Number of protein chains: 2
Amino acid sequence: MISQKTKYGLKALGYLAALYGKGPVLIAEIAQKKKIPIKFLETILLQLKQNQILDSKKGKGGGYFLMSSPKKTSLAAVYRIIEGPIAMLPCVSLNFYQRCKDCNEKHCGLNKILIQTRDANLKILEKKTIYDLIDE
Amino acid sequence: MISQKTKYGLKALGYLAALYGKGPVLIAEIAQKKKIPIKFLETILLQLKQNQILDSKKGKGGGYFLMSSPKKTSLAAVYRIIEGPIAMLPCVSLNFYQRCKDCNEKHCGLNKILIQTRDANLKILEKKTIYDLIDE
DNA sequence: ACATTACCCTACTAAAACAGTAGATTTTGC
DNA sequence: GCAAAATCTACTGTTTTAGTAGGGTAATGT
């Protein structure tokens with residue numbers, strides 16, 4: 001299960017993708033259209049900006065917008081920023097790897113299986129982009 | 001990421017799979033070999049017993065053992081018992097489905113993507129069994 | 001019968017993560 | 001300079017996680 005925060009983040013990105021190229025979008029507008037608590041959304045968008053997924057403009061006429069074309073950013077990148085590792089255990093993670101203290105990875109049956117699920121998820125999340133989040 | 005509890009549960013099942021058919025195994029033995037806190041392991045094994053994955057025998061010579069052949073039980077079944085839904089959101093779950101209050105699933109871009117990851121994970125977890133958890 | 005062995009159960013707790021809220025500050029366009 | 005909008009800091013209540021403590025209960029070998 002992903003956190004509410006990740007869900008909201010992805011929804012917001014889908015909304016911004018649909019409006020890509022049309023200038024900054026107000027936080028309030030995203031919050032209202034996607035039914036996300038505005039102050040919570042604030043923290044999410046800020047985090048996405050700090051990681052170069054979004055850019056923003058302050059003051060009147062300001063708002064948030066995608067930093068690059070929605071087809072350029074993979075969902076794997078977004079997922080890692082908001083949610084963290086894609087793998088089910090740290091010892092199987094590519095970007096957040098941590099050695100397993102209590103088992104030998106070379107001989108671990110669980111390890112081999114989780115590598116498979118990791119790769120299956122990666123294959124999808126690396127291919128899909130923010131553009132795919134746009135609602136029909 | 002899966003919880004420590006799920007990780008321990010799977011490790012324990014792998015150990016029991018290797019000893020399948022050789023009679024009950026002591027909790028203390030599993031705990032020591034797999035480096036799991038014994039009292040924590042107790043609760044996990046109990047939960048697996050209550051869900052017909054394990055069976056146990058009390059008294060001298062007692063212990064825990066797999067209820068059926070390790071190749072008969074899928075990891076998907078075990079995962080759902082200890083960890084819960086395999087899907088990333090309730091609105092995409094087969095066994096723990098909950099309608100999305102704030103969006104229309106038919107038109108949700110996120111929904112379509114998460115169905116794909118769910119199916120990819122299911123394909124692996126339904127096929128793999130407790131037998132595959134045995135360490136080399 | 002009885003001690004031993006081992007499963008079973010209840011309650012508790014410290015720490016972390018989650019899901020937000022409140023309010024002040026800074027930047028910008030006009 | 002004013003209003004609109006993002007930004008920053010800090011806080012809070014709730015839930016989940018990862019256990020621990022301590023005993024109760026049931027079965028077994030002798």
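Note that the structure is a prediction, hence the values are computed from the model and not measured. Lettering follows sequence order; numbering is per chain, from 1.
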For this session: Select base, sugar-phosphate, or nothing to describe what A:Gln47 touches, counting heavy atoms under 4.0 Å on all strands.
Result: nothing
Exercise. For A:Gln98 and A:Ser93, does a side-chain donor sit closer than 3.5 Å to a side-chain acceptor?
Worked result: no
For this session: Could you identify which residues of residues 62-69 of chain B place a heavy atom less than 4.0 Å from some atom of DNA chain C, listed by residue number, or say none?
Result: B:Gly63, B:Tyr64
Exercise. So B:Ile30 and B:Leu45, side-chain contact (heavy atoms from CB on, under 4.5 Å) or not? Walk me through it.
Worked result: CA-CA 10 Å; B:Ile30 305 171; B:Leu45 296 182; 4.1 Å; yes
For this session: Check the distance between D:dT17's C1' and B:Met1's CE and give it to me in whole angstrom.
Result: 15 Å
Taking only distance into account, with no hydrogens and no angle test, what donor-acceptor pairs under 3.5 Å do side-chain atoms of residues 110-121 of chain A form with protein atoms, sequence neighbours excluded?
| residue | atom | partner | partner atom | Å |
| --- | --- | --- | --- | --- |
| A:Lys112 | NZ | A:Lys106 | O | 3.0 |
| A:Thr117 | OG1 | A:Leu114 | O | 3.0 |
| A:Arg118 | NH1 | A:Val92 | O | 2.8 |
| A:Asn121 | OD1 | B:Asn121 | ND2 | 3.0 |
| A:Asn121 | ND2 | A:Thr117 | O | 3.1 |
| A:Asn121 | ND2 | B:Asn121 | OD1 | 3.0 |

Exercise. Can A:Asp135 and A:Lys33 be counted as an ion pair, charged N to O under 4.0 angstrom?
Worked result: no
For this session: Please work out which residues in residues 86-95 of chain A have a non-hydrogen atom less than 4.0 Å from an atom of DNA chain C and list them by number.
Result: none
Exercise. Got a second to check how far A:Ser68's OG is from A:Ile53's CD1, nearest 0.5 Å?
Worked result: 7.0 Å
Exercise. Is B:Tyr131 atom OH crowded by more than 12 heavy atoms from other residues, nucleotides or ligands, each under 6.0 Å away?
Worked result: no
Problem set entry | Separation of D:dT17 C1' from B:Ile44 CD1 (nearest whole Å) | 12 Å
Seminar exercise, completed: Per-nt protein contacts along nucleotides 25-30 of chain D (heavy atom under 4.0 Å; B base, S backbone sugar-phosphate only, - none) come out as -SBSS-
Exercise. Of all heavy-atom pairs between B:Ile134 and B:Ala17, which one has the smallest distance, and what is that distance?
Worked result: CG1-CB, 3.6 Å
For this session: Please answer whether the main-chain N or O of A:Gln50 pairs with a side-chain N or O of A:Gln52 as donor and acceptor at a distance below 3.5 Å.
Result: yes
For this session: Evaluate the criterion side-chain contact (heavy atoms from CB on, under 4.5 Å) for residue pair B:Leu133 and B:Leu75; output intermediate values, then yes/no.
Result: CA-CA 9 Å; B:Leu133 292 172; B:Leu75 295 188; 3.6 Å; yes
Exercise. To the nearest 0.5 Å, how far apart are NZ in B:Lys11 and CG in B:Leu16?
Worked result: 14.0 Å
For this session: Take atom OH of B:Tyr79 as the centre, draw a 6.0 Å sphere, and report whether it contains more than 12 heavy atoms from other residues, nucleotides or ligands.
Result: yes
Exercise. Does A:Ile81 offer a backbone N or O that forms a donor-acceptor pair with the side chain of A:Gln47 under 3.5 Å?
Worked result: yes
Problem set entry | Summary of protein contacts for nucleotides 11-25 of chain C, nucleotide by nucleotide, where a base hit scores B, a sugar-phosphate-only hit scores S (4.0 Å, heavy atoms) | --------SBBBB--
For this session: Scan residues 18-34 of chain A against DNA chain D and write down, sorted by residue number, each residue with any heavy atom closer than 4.0 Å; if none is found, say none.
Result: A:Val25, A:Leu26, A:Ile27
For this session: Might you point out which heavy atoms bring B:Asp132 and B:Lys127 nearest each other, and give the distance in Å?
Result: OD2-O, 4.5 Å
Problem set entry | Candidate pair B:Phe40 and B:Tyr8, rule ring-ring contact (aromatic ring centres under 6.0 Å, His included), full reasoning | CA-CA 9 Å; B:Phe40 193 18; B:Tyr8 285 158; 5.7 Å; yes
Exercise. Does the side chain of B:Thr129 pick up a donor-acceptor pair with the side chain of B:Lys71 at under 3.5 Å?
Worked result: no
